[in-house]
Each structure stands twice: as structure tokens, then as C-alpha cells.
Enquirer: 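Handing you this structure, nothing more for now.
Scope of the values below: all heavy atoms of this structure, side chains included, with no hydrogens, waters or symmetry mates.
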Amino acid sequence: QVQLVESGGGLVQPGGSLRLSCLASGGAFTIYVMRWYRQAPGNQRELVATITSGGSTNYASSVRGRFTISRDNAKNTVELQMNSLKPEDTAVYYCNADIAAMMRELWNYWGRGTQVTVSS
């Protein structure tokens, strides 16, 4: 079974940087679109960034210019480089991906999330 595991979250001061990583594992599969979501207390889960298998990217307006999503297809990882962090970026960040196991249909997977806290 495919699993997504996030890492790299933590506490950072406003203006600082963090780099999140998500590793997909669990056998032979093909990863299509990969995404980062986030959810703050009391808010709905929102889409932060996406990246296609070809490397095309999209960002939420609130993070554009500050965050960068990238992927390493050989390592089955997706990264989120977060710069110029603001307190409003505080949330649990989730990795999400559309993945097809060998000879199987496309399924959507979620990681368990990693906490990012931006505070002085």
C-alpha cells in the first residue's frame, strides 16, 4: 500500500524559512500530480501548491513568491520551500498525491501532516 510521509515542520520566527519534504513509498507506482495543502485551527483545508509530473506548478495567491514546490521523480519526493514566513502561515501541512499502482486505477493519497508554527 502506498504511503505518504511528511517531514521538516517545526517552529520558526516570522521572516524565517522551512523546507518540508514528502516521501511516497510502498511499491511500484506512478505519481501524477502532487500537492501541498494546509489547515489552520478553525479553517478549512486549503490548497497551497501543486506540481504535475512534467514539473508545471501552481500556487495559492497567499504564498506565491514566497513558497516553491518541487519534486524528484527518481526519489519519489515532493518538497515545499517556504521563505519569508508569516504568522498566518501557521498550520498543519499535508502532502497529497494522485498515484496509480502498477496496472491499477488512479487513487488519491494523503499524508498525516506536519505542524508548521510561525511565531516570535
Side-chain angles (χ1 to χ4, degrees):
Q1 179 64 42
V2 176
Q3 291 183 320
L4 303 178
V5 180
E6 304 96 335
S7 62
L11 175 64
V12 65
Q13 293 184 339
S17 297
L18 283 175
R19 186 176 181 87
L20 305 182
S21 180
C22 172
L23 172 66
S25 63
F29 48 76
T30 300
I31 305 175
Y32 293 84
V33 179
M34 303 191 80
R35 309 171 182 88
W36 284 99
Y37 284 81
R38 68 185 182 186
Q39 187 168 25
N43 295 118
Q44 294 185 353
R45 190 168 297 184
E46 64 174 336
L47 179 62
V48 175
T50 64
I51 185 166
T52 69
S53 58
S56 297
T57 60
N58 283 292
Y59 299 91
S61 60
S62 58
V63 307
R64 188 174 294 114
R66 299 187 297 120
F67 291 10
T68 302
I69 188 172
S70 61
R71 65 191 289 169
D72 187 330
N73 293 330
K75 297 170 62 176
N76 293 324
T77 60
V78 60
E79 315 288 330
L80 186 68
Q81 178 66 46
M82 304 184 295
N83 299 325
S84 301
L85 283 162
K86 305 174 181 180
E88 51 263 46
D89 295 319
T90 296
V92 177
Y93 284 71
Y94 297 90
C95 179
N96 176 270
D98 298 329
I99 299 174
M102 278 291 185
M103 313 303 290
R104 297 282 186 177
E105 65 183 352
L106 190 70
W107 287 359
N108 186 256
Y109 294 84
W110 289 92
R112 296 178 64 181
T114 185
Q115 177 71 49
V116 172
T117 302
V118 185
S119 178
S120 298

Enquirer: Is there a path of hydrophobic side-chain contacts, each under 4.5 Å between heavy atoms of I/L/V/M/F/W/Y residues, joining Leu11 to Val116?
Expert: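 No, it is not one cluster - the side chains of Val116 and Leu11 are not joined through contacts under 4.5 Å.
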
Enquirer: Can you see which heavy atom on Ala60 is nearest to which on Leu47, and at what distance?
Expert: CB-O, 3.5 Å

Enquirer: Is there a side-chain contact between Met82 and Asp89 in this structure, where contact means two heavy atoms from C-beta onward sitting under 4.5 Å apart?
Expert: no

Enquirer: Answer whether the closest heavy-atom distance between the side chains of Met34 and Asn73 falls below 4.5 Å.
Expert: no

Enquirer: Could you tell me whether the side chain of Thr90 and the main chain of Val118 form a donor-acceptor pair under 3.5 Å?
Expert: yes

Enquirer: Using 0.5 Å steps for rounding, measure from the CZ atom of Arg112 to the CG atom of Leu4.
Expert: 12.5 Å

Enquirer: Give the minimum heavy-atom separation between Asn83 and Ser17, together with the two atoms involved.
Expert: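 Answer, listing the atom of Asn83 first, then Ser17: OD1-OG, 2.9 Å.
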
Enquirer: Once you round to the nearest 0.5 Å, how far does OG1 of Thr52 lie from CG of Asp98?
Expert: 11.5 Å

Enquirer: Taking Arg64 for its side chain and Tyr59 for its backbone only, find out whether a donor-acceptor pair lies under 3.5 Å.
Expert: yes

Enquirer: If you count every heavy atom of other residues, nucleotides or ligands that lies below 6.0 Å from Glu88 atom CD, does the total exceed 12?
Expert: yes

Enquirer: Among residues two or more places apart or on two chains, list those pairs meeting ring pair (Phe, Tyr, Trp, His ring centres under 6.0 Å) that have a residue in residues 4-48.
Expert: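 Residue pairs passing ring pair (Phe, Tyr, Trp, His ring centres under 6.0 Å), neighbours aside: Tyr37-Trp110.
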
Enquirer: Answer with yes or no whether the side chains of Gln3 and Ser25 bring together a donor and an acceptor at under 3.5 Å.
Expert: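 No donor-acceptor contact under 3.5 Å links the two side chains.
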
Enquirer: What distance separates Thr57 OG1 from Arg71 CZ, expressed to the nearest 0.5 Å?
Expert: 11.5 Å

Enquirer: Could you tell me the separation between the CD atom of Glu79 and the OG1 atom of Thr68, rounded to the nearest 0.5 Å?
Expert: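 With rounding to 0.5 Å, CD (Glu79) is 11.5 Å from OG1 (Thr68).
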
Enquirer: Kindly indicate whether the side chain of Arg38, heavy atoms from C-beta on, has any atom under 4.5 Å from the side chain of Ser62.
Expert: yes

Enquirer: If every non-hydrogen atom of Phe67 is compared with every non-hydrogen atom of Val48, which pair is closest and at what distance?
Expert: CD2-CG1, 3.8 Å

Enquirer: Report yes if the side chains of Val78 and Ile31 come closer than 4.5 Å at any heavy-atom pair, otherwise no.
Expert: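 The answer is no; the side chains never approach within 4.5 Å.
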
Enquirer: Does Tyr94 reach the main-chain N or O of Glu6 with its side chain, forming a donor-acceptor pair under 3.5 Å?
Expert: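 No; zero donor-acceptor contacts below 3.5 Å.
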
Enquirer: May I ask you to decide if Ile51's main-chain N or O and Asn58's side chain share a donor-acceptor pair within less than 3.5 Å?
Expert: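 Between the backbone of Ile51 and the side chain of Asn58 there is no qualifying donor-acceptor contact (under 3.5 Å).
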
Enquirer: For the OH atom of Tyr109 and the CD atom of Gln1, what is their distance to the nearest 0.5 Å?
Expert: 4.5 Å

Enquirer: Nearest 0.5 angstrom please: Ile69 CD1 to Thr50 OG1, how far?
Expert: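 Going from CD1 on Ile69 over to OG1 on Thr50, the span is 6.5 Å.
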
